[in-house]
Amino acid sequence: MNRKRKYRYLLLTFLALDLMLMGWLGYRLLDRKIPDQILVDHENSKEVTKLLKCPFVSFDDAITVFGKDSYILHSEILGVIPFKDVKVKNTTLDDVYVSGDAVGIYMQTKGVLIIDTGEIRLENGETEDPARNIVKPGDYIVAFDQDEIRCKQDLMDDLAELSEKSVTIKVRRGEKTIPLTVDPVKDENGKYKLGIWVRDDTQGIGTLTYVDQDGRYGALGHGISDVDTGELLNIADGDLYNAQILGIRKGERGNPGELSGLIRYEDKNILGNISENSKNGIFGTMKAEQIEALTLKKIPVGYKQDMKTGPASILCCTDGEVKEYEAEITRIDMNHEDSNKSFVIQVTDRELLGKTGGIVQGMSGSPVLQNGKLFGAVTHVFVQDSTGGYGIFIENMMGNGK
């Protein structure tokens with residue numbers, strides 16, 4: 001009898017856990033279908049509940065005023081269980097000039113980025129790691145004793161003139177700037193070394209997404225992070241260049257492809273400056289005389305709640321000319337923790353699949369169009385399926401999202 005009772009309790013426990021799991025998964029599904037915030041224009045603001053229509057979820061008739069042209073909609077599951085509040089913001093998204101051109105990127109870090117520490121071979125043949133457990137990967141050296149450090153050459157010049165054993169370097173770690181004491185050592189050639197691997201710039205190829213009415217552009221759809229530390233680079237300045245695509249390494253399962261190109265770092269090839277490197281892309285201002293040389297088309301911006309699963313297209317440049325290729329939106333996630341992964345897009349165009357295998361590195365920022373509107377940009381490729389990848393909503397990329 002006791003054994004039967006224990007068995008019954010065990011079944012009831014598993015049943016309760018299954019119900020809890022199903023409830024949690026259902027909650028997560030609803031949470032991802034209904035955004036925390038939506039943008040609407042004044043003409044459609046009265047139809048918000050239709051835009052947010054979802055099974056089992058109802059919205060209050062009364063609203064809470066949030067601020068100028070904004071309000072809060074309260075929702076409930078099955079009309080009983082409090083669910084979430086949706087911020088509704090009345091706004092007007094201006095038309096933008098959509099691109100798809102390949103661009104070259106060059107950025108300088110604000111200070112000198114520390115990648116790691118390393119051992120130095122001394123004059124006596126022994127080794128020493130003078131900066132170990134003092135600095136951390138991801139720190140930025142901004143000062144050496146009293147001298148400002150802006151690039152690797154500044155650091156090398158100060159080390160060449162060093163005559164004291166102990167030095168104070170200031171590093172920016174997160175939001176703080178802290179002084180650290182390091183004892184440089186003489187290497188086997190008699191030169192002082194800190195035993196720190198550093199980097200002060202980065203470059204690469206990406207895709208220009210849009211240029212707005214004021215000449216401000218957005219590209220990539222994601223930020224540029226250091227390949228060693230994985231941290232978003234803190235930049236001092238940078239430039240956007242014309243780029244020429246020279247070759248394509250086709251993507252395949254387990255091996256993402258890549259666009260390879262040529263960037264001529266000459267003043268005449270500068271398209272504009274890079275003033276911001278954020279999680280949603282790189283941004284800056286385009287030179288007025290360069291805008292005319294780009295492949296730009298003026299189209300409306302689409303709100304994320306208007307994007308639908310189904311046919312879409314992407315603009316990209318693989319052979320010197322921007323072309324529009326067929327694709328399909330297969331999944332939309334209104335509230336993904338990573339704004340760069342808000343929807344899934346699958347390349348269906350045979351021509352592009354034949355050239356690249358789908359999405360390759362260098363296509364980040366390729367505009368995603370649907371029903372004549374710009375809804376987002378490509379951001380990632382799936383390693384195990386190069387035909388598909390993630391995208392970012394254009395309203396998030398333009399700074400109008402949450």
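Residues take their numbers from the sequence shown, with the count starting at 1.
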S.K.: Within the side chain of Asp139, is there an N or O that forms a donor-acceptor pair under 3.5 Å with the backbone of Arg173?
M.R.: no
S.K.: Atom CG in Leu208, atom SG in Cys316: separation rounded to 0.5 Å?
M.R.: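 Answer for the CG-SG pair, Leu208 versus Cys316, is 13.0 Å.
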S.K.: For residues 364-384, which residue pairs pass the salt bridge (Lys or Arg N to Asp or Glu O under 4.0 Å) check, not counting sequence neighbours?
M.R.: none
S.K.: Could you tell me which non-hydrogen atom of Tyr217 sits nearest to which non-hydrogen atom of Thr285, and how far apart they are?
M.R.: CE2-N, 3.6 Å
S.K.: So, taking the atom named OG1 in Thr209 and the one named CE in Met397, what distance separates them when rounded to the nearest 0.5 Å?
M.R.: 3.0 Å
S.K.: Sequence neighbours excluded, which residues qualify as side-chain contact (heavy atoms from CB on, under 4.5 Å) partners of Lys298?
M.R.: Asp95, Tyr97, Gln213
S.K.: Taking the side chain as C-beta and beyond, is there a heavy-atom pair between Ile196 and Leu155 under 4.5 Å?
M.R.: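 Not touching, per the 4.5 Å side-chain cut-off.
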S.K.: Taking the side chain as C-beta and beyond, is there a heavy-atom pair between Ile329 and Val368 under 4.5 Å?
M.R.: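 Yes, their side chains come closer than 4.5 Å.
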S.K.: Find out whether Lys341 and Asp333 are in side-chain contact, i.e. whether some heavy atom of one side chain is under 4.5 Å from a heavy atom of the other.
M.R.: no
S.K.: Of all heavy-atom pairs between Leu315 and Ser99, which one has the smallest distance, and what is that distance?
M.R.: CD1-O, 3.5 Å
S.K.: Answer whether the closest heavy-atom distance between the side chains of Leu232 and Asn277 falls below 4.5 Å.
M.R.: yes
S.K.: For atom CG of Asp267, decide whether the heavy atoms of other residues, nucleotides or ligands shown that lie under 6.0 angstrom number more than 12.
M.R.: no
S.K.: Looking at Thr295, Leu296, Thr207, which hits side chain to side chain contact (heavy atoms under 4.5 Å, CB included) with Val322?
M.R.: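 Looking at Thr295, Leu296, Thr207, the match for Val322 under the side chain to side chain contact (heavy atoms under 4.5 Å, CB included) is Thr295.
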S.K.: Is any side-chain heavy atom of Glu119 closer than 4.5 Å to a side-chain heavy atom of Arg132?
M.R.: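 A side-chain contact is absent here, since even the closest heavy-atom pair is not under 4.5 Å.
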S.K.: Any chance you could lay out the side-chain contact (heavy atoms from CB on, under 4.5 Å) test for Ile105 and Ile274, step after step, and finish with the verdict?
M.R.: CA-CA 8 Å; Ile105 298 159; Ile274 300 175; 3.8 Å; yes
S.K.: Taking the side chain as every heavy atom from C-beta outward, state whether Leu271 and Asn242 have any atom pair closer than 4.5 Å.
M.R.: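 Contact flag for Leu271/Asn242 side chains = yes.
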S.K.: Is it the case that the side chain of Glu128 and the backbone of Leu122 share a donor-acceptor pair, with hydrogens and angles ignored and the cut-off at 3.5 Å?
M.R.: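 No; judged by distance alone, with no hydrogens or angles, the pair does not exist.
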S.K.: Would the number of heavy atoms belonging to other residues, nucleotides or ligands and lying under 6.0 Å from NZ of Lys110 be above 12?
M.R.: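 Result for NZ/Lys110: open.
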S.K.: Do Asp349 side-chain atoms and Glu326 backbone N/O form a donor-acceptor pair below 3.5 Å?
M.R.: yes
S.K.: Using the side-chain contact (heavy atoms from CB on, under 4.5 Å) criterion, which residues pair with Gln244? Sequence neighbours excluded.
M.R.: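 Testing Gln244 for side-chain contact (heavy atoms from CB on, under 4.5 Å), a comparison that skips the adjacent residues, returns Leu246, Leu262, Arg264.
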S.K.: Residues two or more places apart in sequence or in another chain: which of them pass side-chain hydrogen bond (donor to acceptor under 3.5 Å, both in side chains) with Thr356?
M.R.: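 In terms of side-chain hydrogen bond (donor to acceptor under 3.5 Å, both in side chains), with neighbours along the sequence ignored, Thr356 is linked to no residue.
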S.K.: Donor-acceptor pair, distance only, cut-off 3.5 Å: does the side chain of Asp154 make one with the backbone of Arg150?
M.R.: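 Yes: the side chain of Asp154 pairs with the backbone of Arg150.
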S.K.: Got a second to check how far Asn280's CG is from Leu220's CG, nearest 0.5 Å?
M.R.: 11.5 Å
S.K.: Taking only residues two or more places apart in sequence, or in another chain, which ones meet Asp147 in a salt bridge (charged side-chain N to carboxylate O under 4.0 Å, His left out)?
M.R.: none
S.K.: Using the salt bridge (Lys or Arg N to Asp or Glu O under 4.0 Å) rule, collect all pairs that involve residues 202-219, keeping only residues at least two apart or in two chains.
M.R.: Arg216-Glu276
S.K.: Quick one: list whatever passes ring pair (Phe, Tyr, Trp, His ring centres under 6.0 Å) with Phe382, sequence neighbours left out.
M.R.: Tyr390
S.K.: Hey, what do you get for CD1 (Ile245) to OG1 (Thr318), rounding to the nearest 0.5 Å?
M.R.: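 The OG1 atom of Thr318 is 8.0 Å from CD1 of Ile245, to the nearest 0.5 Å.
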S.K.: So, Asp306 versus Gln370: side-chain donor-acceptor pair below 3.5 Å or not?
M.R.: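 Their side chains do not contain a donor-acceptor pair, so the 3.5 Å distance test is not met.
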S.K.: Could you tell me which residues satisfy side-chain contact (heavy atoms from CB on, under 4.5 Å) with Ile299, sequence neighbours excluded, listed by chain and number?
M.R.: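 Partners of Ile299 by the side-chain contact (heavy atoms from CB on, under 4.5 Å) criterion, ordered by chain and then number, come out as Val98, Lys297, Leu369, Leu374.
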S.K.: Which heavy atom in Val167 sits nearest to a heavy atom in Pro184, and how many Å separate them?
M.R.: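 Looks like CG2-CG, 3.9 Å.
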S.K.: Rounded to the nearest 0.5 Å, what separation is found between the NZ atom of Lys170 and the CG atom of Asp145?
M.R.: 10.5 Å
S.K.: List the residues meeting salt bridge (charged side-chain N to carboxylate O under 4.0 Å, His left out) with Arg172, not counting sequence neighbours, and say none if there are none.
M.R.: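 Arg172 satisfies salt bridge (charged side-chain N to carboxylate O under 4.0 Å, His left out) with no other residue.
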S.K.: Answer yes or no: is there a side-chain heavy-atom contact under 4.5 Å between Asp239 and Tyr265?
M.R.: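 Heavy-atom side-chain distance check fails, nothing below 4.5 Å.
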S.K.: Evaluate side-chain hydrogen bond (donor to acceptor under 3.5 Å, both in side chains) for Thr348 paired with Glu328, printing each intermediate quantity in order.
M.R.: CA-CA 7 Å; Thr348 58; Glu328 185 174 356; 5.9 Å; no
S.K.: Could you walk me through whether Val96 and Met398 pass the side-chain contact (heavy atoms from CB on, under 4.5 Å) check?
M.R.: CA-CA 10 Å; Val96 296; Met398 294 178 68; 3.8 Å; yes
S.K.: Which of these, Ile115, Asp116, Leu113, sits in a side chain to side chain contact (heavy atoms under 4.5 Å, CB included) with Pro137?
M.R.: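 It is Asp116; the other options fail the test.
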S.K.: So which heavy atom on Thr379 is nearest to which on Asn340, and how close?
M.R.: OG1-O, 2.6 Å
S.K.: Output all residues satisfying salt bridge (charged side-chain N to carboxylate O under 4.0 Å, His left out) with Lys355, sequence neighbours left out; order by chain, then residue number.
M.R.: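 Once residues adjacent in sequence are excluded, the partners of Lys355 under the salt bridge (charged side-chain N to carboxylate O under 4.0 Å, His left out) criterion are Asp319, Glu351.
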S.K.: What heavy-atom pair brings Tyr303 and Glu395 nearest, and what distance separates the two atoms?
M.R.: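 Between these two residues, the closest heavy atoms are CA-OE1, 3.6 Å.
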S.K.: Kindly check if the number of other-residue, nucleotide or ligand heavy atoms within 6.0 Å of NZ (Lys191) is above 12?
M.R.: no
S.K.: Can you give me the closest heavy-atom contact between Ser339 and Asn396, atom names plus distance?
M.R.: CB-ND2, 4.1 Å
S.K.: By the definition side chain to side chain donor-acceptor pair (under 3.5 Å), identify the one residue from Asp228, Thr109, Thr229 that meets it with Arg199.
M.R.: Asp228
S.K.: side-chain hydrogen bond (donor to acceptor under 3.5 Å, both in side chains), that's the test. Do Asp200 and Gln153 meet it? Break it down for me.
M.R.: CA-CA 9 Å; Asp200 65 356; Gln153 190 60 51; over 6 Å; no
S.K.: Is the shortest heavy-atom distance from the side chain of Val347 to the side chain of Leu353 under 4.5 Å?
M.R.: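 Side chain of Val347 against side chain of Leu353, heavy atoms only: contact under 4.5 Å found.
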S.K.: Phe343: which residues meet the ring pair (Phe, Tyr, Trp, His ring centres under 6.0 Å) condition with it, sequence neighbours left out?
M.R.: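 With neighbours one apart ignored, the set is Phe393.
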S.K.: Determine yes or no for a side-chain-to-main-chain donor-acceptor pair under 3.5 angstrom, with Ser364 supplying the side chain and Gly206 the backbone.
M.R.: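 Between the backbone of Gly206 and the side chain of Ser364 there is no qualifying donor-acceptor contact (under 3.5 Å).
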S.K.: For Ser386 and Gly358, indicate whether the former's side chain and the latter's backbone hold a donor-acceptor pair under 3.5 Å.
M.R.: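 Side chain of Ser386 to backbone of Gly358: no pair is present.
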S.K.: Report the residues that fulfil side-chain contact (heavy atoms from CB on, under 4.5 Å) with Gln361, sequence neighbours left out, ordered by chain and then residue number.
M.R.: Arg249, Pro256, Glu258
S.K.: Please report the interatomic distance CD1(Ile149) to CD1(Ile169), rounded to the nearest 0.5 Å.
M.R.: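 That separation rounds to 9.5 Å.
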S.K.: Answer yes or no: are there more than 12 heavy-atom neighbours, outside Gln146 itself, under 6.0 Å from its atom CD?
M.R.: no
